[in-house]
J.: 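Can you read through this structure? Questions will come right after.
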Amino acid sequence: MSTNIQADIKGAYRRNAAKHRHYIKKGSTDFPPEAGRYHLHIALACPWADGVLAMLFLKGLEHVISYSIVHPTWGKTSTDPEDTHFGWVYKKPGDEPMTNPVGYGSFPCDDALIPDEFTGVSSVRELYNRCGDFEGPFTTPTLYDKRSNQIICNESTEILQMLNSEFDEFATNNGTFYPEELAHELEDLNTNLIYPKVNNGVYRCGFARSQEAYNIAVEELFDALAILEEKFGKQRYLGGEKFTWLDLRLFMTLVRFDPVYITYFKTNKKRLADFPNLLRFVKDVYAMEAVKKSINMEHIKTHYFTSHPQLNTFGIIPAYNGPDLDITYN
């Protein structure tokens, strides 16, 4: 069975680089910003895709760029019995429940699911195949051009930038989440701390294939969280008092930390609930309506606990949803 999880010779998790890197830009002759032209393929469980959806809501672009939502449980993406790939699949609300990749469990097709009505694809893989990509990985978020029938981009950081800057003539919120005065500071934080040790750090813990790789990843993760706990004791957001793209990226990992990662990825030295400043930060961001409506805890937990049978054969979903984020934290 193909599980999309790769490791180096020392057992350390290795993430594949995004391959589709076109850019929507004002004044472009190939991919200019236009209303109704572009479509996002989103998995609510995926922190990278969920962050893109939240940015779409934060900028007020739902009426400009359409989106579809996959089922949280990975399903078979080919009718060929010899093809062992499982990945993101589309279902309609009310369809028959899905099982996990080895046939256990019953995971409903809920009202959050939104099929891709434009292409009618049954999976994200099918979309990539139609666009000439037969190798993958077949990931979300995926930004698709309905006019040229091609994938624009599947790198979440670049999609965030496009949504932030290139569609302002259509957006109901013209503010920026990439303030120029913080650009260097935020990029440094992302490159050296947030992405490698937290965003990707939880995956390095969960998908490690050696004790050595896990030990390194978990130590770096909790060292980073300690640094952030201290930082948030002095300021509201990573750049001070202004909410930015990097806060959104960090939030998307931390909101999944207690419900999923402490159990599934073995990041259990401490809970988010044991970091009062980090918890305050998460509650603060969650209180933003545009962010809150992008969070679906059922999809988040269902995906992680049902899609990787090598980690959870029977697809049992634990009860804990993490701390109540709606309660004001003093």
J.: Once rounded to the nearest 0.5 Å, what's the spacing between atom CZ of F31 and atom CD of E166?
T.: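 Here the rounded value is 13.5 Å.
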J.: Between Y38 (side chain only) and I24 (backbone N and O only), is there a donor and an acceptor less than 3.5 Å apart?
T.: no
J.: Rounded to the nearest 0.5 Å, how far apart are CG of D50 and OG of S294?
T.: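 Answer for the CG-OG pair, D50 versus S294, is 4.5 Å.
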J.: Is it true that, when you exclude Y104 itself, more than 12 heavy atoms of the residues, nucleotides or ligands shown sit nearer than 6.0 Å to its OH?
T.: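 Open: at most 12 neighbouring heavy atoms sit under 6.0 Å from OH of Y104.
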J.: Atom OH in Y286, atom CG in D326: separation rounded to 0.5 Å?
T.: 5.0 Å
J.: If we ignore angles and hydrogens, is there a donor and acceptor under 3.5 Å between the side chains of Y128 and H20?
T.: no
J.: Just how far is it from atom CG of L160 to atom CG of L56, taken to the nearest 0.5 Å?
T.: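 Interatomic distance, L160 CG to L56 CG, rounded to 0.5 Å: 10.5 Å.
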J.: Are the side chain of N164 and the backbone N or O of F177 linked by a donor-acceptor pair below 3.5 Å?
T.: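 Side chain of N164 to backbone of F177, a donor-acceptor pair under 3.5 Å: yes, one is there.
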J.: Using the rule given for salt bridge (charged side-chain N to carboxylate O under 4.0 Å, His left out), can you reason through E289 versus K293, listing the C-alpha separation, both sets of side-chain angles and the distance that settles it, and then say yes or no?
T.: CA-CA 6 Å; E289 189 57 37; K293 75 175 184 176; over 6 Å; no
J.: Just by distance, do the side chain of N100 and the backbone of T313 share a donor-acceptor pair under 3.5 Å?
T.: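 Here the side-chain-to-backbone pair exists.
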J.: Mind checking whether F265 and F207 have parallel, tilted or perpendicular rings, split at 30° and 60°?
T.: perpendicular
J.: Determine, step by step, whether L228 and L193 satisfy the side chain to side chain contact (heavy atoms under 4.5 Å, CB included) criterion, reporting the C-alpha distance in whole Å, the side-chain angles of both residues, the deciding distance to 0.1 Å, and the verdict.
T.: CA-CA 9 Å; L228 292 169; L193 188 74; 3.8 Å; yes
J.: If Ile, Leu, Val, Met, Phe, Trp and Tyr residues are connected whenever their side-chain heavy atoms lie under 4.5 Å apart, and connections chain through other members, are V102 and M98 in the same group?
T.: no
J.: Side chains of H299 and D110: any donor to acceptor distance under 3.5 Å?
T.: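 Per modelled atom types, D110 and H299 side chains form a pair under 3.5 Å.
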J.: In terms of side-chain heavy atoms, does N149 have a donor or acceptor partner in Y144 at a distance below 3.5 Å?
T.: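 Yes, Y144 and N149 have a side-chain donor paired with an acceptor closer than 3.5 Å.
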J.: Test the K270-F275 pair against the cation-pi criterion, namely NZ or CZ under 6.0 angstrom from the six-membered ring centroid and within 45° of the ring axis.
T.: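 Ring-cation test returns yes.
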J.: Would you sort out whether H85 and S78 count as a side chain to side chain donor-acceptor pair (under 3.5 Å), showing the intermediate values?
T.: CA-CA 7 Å; H85 182 267; S78 171; over 6 Å; no
J.: Does N296 use its side chain to pair, donor to acceptor, with the backbone of A112 at less than 3.5 Å?
T.: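 Absent.
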J.: Please tell me whether S165 and Q161 have a donor and an acceptor in their side chains that are separated by less than 3.5 angstrom.
T.: no
J.: Determine, for K91 against E96, whether the closest basic-nitrogen to carboxylate-oxygen distance falls under 4.0 angstrom.
T.: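 No, no charged N to carboxylate O under 4.0 Å.
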